[in-house]
Amino acid sequence: MRDFLGGLLFGGACYVCRGQARGILCAACRAELPRLQGALCPRCALPSPGAALCGRCLADTPEYDATVAPLAYDFPADALVHALKFRGELSLASFLGKLLAERIAQRETIDLVIPVPLSAARLRGRGYNQALEIARHLPGKLDFSSCVRERDATPQTELPWAERRRNVRGAFACRRSLEGARVAVVDDVMTTGATLDEMARTLKRAGAARVVNWVLARTLPPA
Ligand SMILES: [Zn+2]
Ligand SMILES: [Zn+2]
């Protein structure tokens, strides 16, 4: 009864099912979010028996050192991220950022939190950087000026997985030394990890000692 009255007084519609909700999602949809769980590779956050370093990371070690992701990139996480990224639903940044913050839970000391930058042209077109909007809700010292995106590659989603790494090579630059810094890189979705790998390469070249990915959703590889 109290929930019902609370819904009438303060609530709106659930973003997913349009049912009554006091937040972005109703309790049922929130409970059904595709949480990324089970044994995961500490480096890339894909399922890995015993939470050991996975075969892919052993064979071709990424530049980043660890990945934290609360969600799998399945419905409705994909719909929420898409709405934040392409439809300007910035209220979702707070909701999704809090999910990520819960997962981060002070596991390690981080000196800087750096959202994956957009190019100046894309930022003008979209009007905001969704990674920065998410990062505003995370713990740590936000830094959105040290690292820039110098050129726009073809959007990664339009390319086959095998070509994505080459596509982002040299895309980022650091404007200052990050000597010894432990950096968290924030992004909305991690698919092949090619963009985050290139970010980590750039940050380490600038002196970063450790680079950890903080991403909302992890795409699981095709079965
Ligand atoms: Zn719902
Ligand atoms: Zn891995």
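Computed from a predicted structure; not experimentally measured. Starting from 1, each residue takes its place in the sequence as its number. One-based numbering, in listed order, for ligands and for the atoms of each.
With the Zn ion (ligand 1) as the vertex, SG of Cys17 and SG of Cys26 span 110° to the nearest 10°. The angle Cys54:SG - the Zn ion (ligand 2) - Cys44:SG amounts to 110°, with values rounded to 10 degrees. Rounded to 10 degrees, the SG-metal-SG angle spanning Cys14 and Cys29 at the Zn ion (ligand 1) equals 110°.
Residues Glu63 and Lys204 are not paired through a salt bridge, judged by the lack of any N-O separation under 4.0 Å between the basic side chain and the carboxylate. With salt bridges taken as basic N to acidic carboxylate O contacts below 4.0 Å, one links Arg201 and Asp197.
For the 3.5 Å distance criterion, the side chains of Ser146 and Arg176 qualify, holding a donor opposite an acceptor.
Side chains of Tyr15 and Leu80 form a contact here, defined as non-hydrogen atoms less than 4.5 Å apart.
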